[in-house]
Amino acid sequence: MTANCCLKNALRLKSPAKVNLFLRIVKRRSDGYHELASLFQAIDLFDTLDFSMDDVDTFTCSDPTLPNDDSNLVLKALRLFKTKTGIRKNFKIHLEKLIPQQAGLGGGSGNAATTLWALNRLCGDPATESQLMQWGSEIGSDISFFLSTGTAYCTGRGEIIESLAPLDSTLLSIIKPPIGLSTPQVYSKVDVAALFPRDPKTVLQNFLKADPDYFNDLEPAAFNVLPELKKFKESLLKDGGFSTVLLCGSGSSFFCLGNGNPNAVAGYPNFKNYSAHFVNRSPGSWY
Ligand code: C5P
């Protein structure tokens with residue numbers, strides 16, 4: 001099967017990653033989550049998922065380090081879909097992993113959203129895309145975004161979605177150091193009072209007028225957890241020559257703009273480098 005191929009009872013779909021073009025943390029909530037306002041953008045760095053009907057539910061993955069337990073977001077999405085729809089069919093799912101983990105690229109959330117969309121399609125679309133978006137938020141804050149059309153202003157925990165028209169794409173270098181970061185650990189280090197009080201609505205309007213202010217309020221917290229990461233960012237700018245370098249989500253990867261040379265960068269010799277562009281989808285079809 002080629003990517004995005006649909007046989008009678010089988011479907012192969014690409015599962016994108018995302019970057020946050022800006023990410024403002026507004027406050028810490030009483031439920032432990034953080035209220036944020038962020039411009040999310042899907043990118044063409046893809047995992048691939050194969051789905052087919054089967055007698056029992058099975059899940060396999062090309063990456064043996066991916067947990068095959070209750071924390072696995074594909075399995076959570078499968079259970080959620082069956083619970084919400086009452087459908088008793090079973091599915092065989094295989095995940096071919098390319099998006100790095102603990103990178104802030106939303107790979108697992110994208111996999112969960114792709115699973116919800118695929119199972120819905122295989123079952124004849126019993127749910128609307130906006131229902132899938134609502135269901136996805138019950139198992140993770142970033143999942144709803146991946147059920148948007150690829151560019152969205154996200155608020156609340158990240159699950160309140162305002163879909164936006166596609167932005168002009170530019171070439172991104174996604175640089176992933178060998179050390180990953182845990183999202184809860186990074187959020188736990190956020191000092192909300194110390195953040196610069198930008199108005200995210202104004203930042204968004206300026207972005208849409210091609211006057212971007214790339215920033216990520218999670219950067220100081222990530223640098224607190226992993227101080228070498230700050231030096232790595234500085235080297236990407238100074239030695240690598242990129243014009244913009246910003247932590248992706250809660251890290252540890254960065255997206256870089258401009259004509260840079262990551263091989264000139266000091267700090268992590270074994271980083272990975274992926275080229276990516278913005279990607280969007282049309283309602284009713286997948287990426
Ligand atoms: O919702 P999700 O499971 O992806 O969140 C993982 C963790 O990241 C949460 O348990 C929480 O510690 C942190 N988080 C947060 N505020 C958000 C999103 C995530 O504090 N808006």
Would you say that Glu96 contacts His94 through its side chain, given a criterion of any heavy-atom pair below 4.5 Å between the two side chains? yes

Among the clusters formed by ILVMFWY side chains lying less than 4.5 Å apart, do Leu23 and Leu257 turn up in the same one? no

Could you tell me whether the side chain of Phe242 reaches within less than 4.5 Å of the side chain of Asn261, counting heavy atoms only? no

Side chain of Ser52, backbone of Ala10: donor and acceptor closer than 3.5 Å? no

Please determine whether side chain to side chain contact (heavy atoms under 4.5 Å, CB included) holds for the pair Leu21 and Leu167, giving the CA-CA distance in whole Å, both sets of side-chain angles, and the decisive distance to 0.1 Å. CA-CA 11 Å; Leu21 297 175; Leu167 301 169; 3.6 Å; yes

Checking Asn111 against Ser15: is there a side-chain donor and acceptor pair closer than 3.5 Å? yes

Determine all donor-acceptor pairs shorter than 3.5 Å in which one atom belongs to a side chain in residues 172-183; sequence neighbours excluded.
unit_1 : atom_1 : unit_2 : atom_2 : d
Ser182 : OG     : Gln185 : N      : 3.2
Thr183 : OG1    : Ser250 : OG     : 3.0

I'd like to know if Arg281 pairs up with Glu129 as an ion pair, taking the criterion as any Lys NZ or Arg NE/NH1/NH2 lying under 4.0 Å from an Asp or Glu carboxylate oxygen. yes

Give the cluster check for Phe46 versus Leu171: same hydrophobic cluster or not, with ILVMFWY residues linked at side-chain heavy-atom distances below 4.5 Å. no

Does a donor on one side chain sit under 3.5 Å from an acceptor on the other, for Ser38 and Asn20? yes

Hey, does the side chain of Asp50 reach the backbone of Ile93 with a donor-acceptor pair shorter than 3.5 angstrom? no

Can a donor-acceptor pair be found, under 3.5 Å and without considering hydrogens, that links the side chain of Asn206 to the backbone of Pro212? no

Any side-chain donor-acceptor pair under 3.5 Å between Gln131 and Asn120? no

Can you confirm whether Leu229 sits close enough to Ser252 that some side-chain heavy atom of one is under 4.5 Å from a side-chain heavy atom of the other? yes

Taking the side chain as everything from C-beta on, heavy atoms only, tell me whether Lys201 gets closer than 4.5 Å to Tyr153. yes

4.5 Å side-chain heavy-atom contact, Thr155 and Ile161: no

Tell me whether Leu98 shares a hydrophobic cluster with Tyr287, the cluster being built from Ile, Leu, Val, Met, Phe, Trp, Tyr side chains joined at under 4.5 Å. no

Ring centres under 6.0 Å, that's the criterion: do Phe22 and Phe215 meet it? yes

Does the side chain of Thr151 come under 3.5 Å of the side chain of Gln41 through a donor N or O and an acceptor N or O? yes

How about Phe59 and Phe51: are their ring centres within less than 6.0 Å of each other? no

Side-chain donor/acceptor of Arg121 to backbone N/O of Gly284, under 3.5 Å: yes

Which word best sums up how the rings of Phe145 and Phe40 line up, parallel for under 30°, tilted for 30 to 60°, or perpendicular for over 60°? tilted

Angle between ring planes, Phe232 versus Tyr268, binned at 30° and 60°: parallel, tilted or perpendicular? perpendicular

What residues form a side-chain hydrogen bond (donor to acceptor under 3.5 Å, both in side chains) with Glu35, not counting sequence neighbours? Arg29

Checking side chain to side chain contact (heavy atoms under 4.5 Å, CB included) for the pair Phe91/Asp54: CA distance, chi angles, key distance, verdict? CA-CA 5 Å; Phe91 301 91; Asp54 211 340; over 6 Å; no

Taking atom types as modelled, is there a side-chain donor on His277 or Ser169 under 3.5 Å from an acceptor on the other? no

Ring pair (Phe, Tyr, Trp, His ring centres under 6.0 Å) partner of Trp117, the single match among Phe81, Trp286, Phe146: Trp286

Salt-bridge criterion met for Glu219 and Lys233 (N-O under 4.0 Å): yes

Chi angles and distances behind the side chain to side chain donor-acceptor pair (under 3.5 Å) call for Gln101, Asp63: CA-CA 10 Å; Gln101 297 180 54; Asp63 180 352; 2.9 Å; yes

Common cluster, Ile43/Phe207, ILVMFWY with side-chain heavy-atom separation under 4.5 Å: yes

Do side-chain atoms of Asp217 reach the backbone of Leu195 as a donor and acceptor pair under 3.5 angstrom? no

Backbone of Asp55 reached by a side-chain donor or acceptor of Lys92 within 3.5 Å: no

Does Asp47 pair with Lys14 as a salt bridge, N-O distance under 4.0 Å? no

Okay, side chain of Arg24, backbone of Leu36: is any donor-acceptor separation there less than 3.5 Å? no

So the salt bridge (charged side-chain N to carboxylate O under 4.0 Å, His left out) pairs with at least one residue in residues 72-87 (sequence neighbours excluded) are Asp57-Lys82, Asp70-Arg79, Lys84-Glu138

Do the side chains of Ile87 and Leu132 join up, straight or via other hydrophobic residues, at under 4.5 Å, putting them in one cluster? yes

